Amino acid sequence: NPNNPFLGSGGISPRGRSKAEWVTVVYRVVWILFGLMILVIWCLDWFQPTSVAAMIADTNAQAVEAWADAGMNSSTNRVIFESYAARSRLELSVWTGAGLGMVYTFTVPYRECHPVFFVTAMIWTFAGATQLIPFVFATSKYVYPFSMNWQMGFFDPCVAALGWFSFYASKVGL
């Protein structure tokens, strides 16, 4: 049955999955694990937002809380603070949804997964560009590289490369 879950492209041959298909399995598992990790951060962002900001900013929750309290003192600062909170929550929800949505690809025949791999590779490509652009275009005092750009500037392009390989391998049936 070609639609049987977990059997790849309509069934596993006597030799098993191809090496290319195993690469796509690794890619999907990385996505799912990333989605689970971001889900935890998403939940924390609703219930303990200062702890998430502290983790990302490499500081403590008290420092973030003091900054947030100061930001709430005027109507303009409150709107700016709210815009950062909304952006953070939106980004976390999108990454969580995309990561956990990758579970569904295990129910689709391998050779039919290439549209999903295309979209997810594009996501990681833009994420990588977002991390690397500040190194090239530090155009103002607000656009500059920081520590997370160094870390994710390596990780994101590597996952993007896995995504593009998965897209190609699924598309041509490697």
Side-chain angles (χ1 to χ4, degrees), residues 3 5-8 21-65 67-68 71-72 78-110 112-135 142-143 145-171:
N3 293 317
F6 302 105
L7 294 182
E21 191 170 352
W22 277 112
V23 170
T24 70
V25 168
V26 169
Y27 175 67
R28 290 180 270 182
V29 169
V30 166
W31 249 114
I32 293 164
L33 293 174
F34 185 76
L36 288 170
M37 180 186 75
I38 299 299
L39 174 63
V40 170
I41 294 172
W42 180 81
C43 290
L44 282 173
D45 195 45
W46 285 103
F47 302 110
Q48 295 179 344
T50 56
S51 67
V52 173
M55 177 184 64
I56 292 171
D58 196 24
T59 187
N60 59 49
Q62 293 78 19
V64 172
E65 195 168 320
W67 176 82
M72 296 294 186
R78 185 176 189 91
V79 171
I80 294 169
F81 177 82
E82 290 169 356
S83 72
Y84 280 102
R87 181 184 167 274
S88 169
R89 291 174 183 153
L90 180 62
E91 182 177 1
L92 292 172
S93 64
V94 169
W95 281 110
T96 300
L100 298 181
M102 191 59 82
V103 170
Y104 180 72
T105 64
F106 284 108
T107 68
V108 177
Y110 167 64
E112 295 176 20
C113 285
H114 61 275
V116 175
F117 295 147
F118 177 84
V119 170
T120 59
M122 192 64 76
I123 290 169
W124 284 106
T125 299
F126 273 90
T130 299
Q131 302 302 337
L132 297 173
I133 284 173
F135 294 110
Y142 304 110
V143 178
F146 49 91
S147 62
M148 188 177 193
N149 294 129
W150 287 104
Q151 298 153 1
M152 299 308 286
F154 176 76
F155 179 76
D156 292 348
C158 289
V159 180
L162 268 176
W164 288 115
F165 174 81
S166 296
F167 163 71
Y168 177 76
S170 175
K171 179 83 172 156

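If you're wondering where the values come from, they're calculated on a predicted model, not measured in any experiment. Start at 1 with the first residue, then count along the sequence.
- The line from OG of S166 to CG of L162 is 6.0 Å long, rounded to the nearest 0.5 Å.
- Side-chain contact between F117 and R28: present, with at least one pair of heavy atoms (C-beta onward) separated by less than 4.5 Å.
- A heavy-atom distance below 4.5 Å is not found between the side chains of Y27 and V30.
- Among residues two or more places apart in sequence or in another chain, the side-chain hydrogen bond (donor to acceptor under 3.5 Å, both in side chains) test is passed with E82 by R78.
- Panel note: side chain T120, backbone V116; a donor-acceptor pair is recorded below 3.5 Å.
- Annotation: side-chain contact (heavy atoms from CB on, under 4.5 Å) contacts of L132 (sequence neighbours excluded): F135, P157.
- Partner of V94 under the side chain to side chain contact (heavy atoms under 4.5 Å, CB included) criterion, out of L92, L90, T96: L90 alone.
- Judged by distance alone, the side chains of S93 and R89 never bring a donor and an acceptor atom under 3.5 Å apart.
- Using a 4.5 Å heavy-atom cutoff, the side chains of M122 and F126 are in contact.
- Using a 4.5 Å heavy-atom threshold, the side chains of Y168 and F118 count as separate.
- Put simply, the side chain of V26 does not reach to within 4.5 Å of the side chain of W22, judged on heavy atoms.
- Under the 4.5 Å side-chain criterion, counting only non-hydrogen atoms from C-beta, V25 is in contact with F106.
- Side chains of E91 and I38 form no contact here, defined as non-hydrogen atoms less than 4.5 Å apart.
- Taking the side chain as every heavy atom from C-beta outward, S88 and D45 approach each other to under 4.5 Å.
- In this structure, L33 CG and L100 CG are separated by 10.0 Å, a value rounded to the nearest 0.5 Å.
- Residues meeting the salt bridge (Lys or Arg N to Asp or Glu O under 4.0 Å) test with E65, sequence neighbours left out: none.
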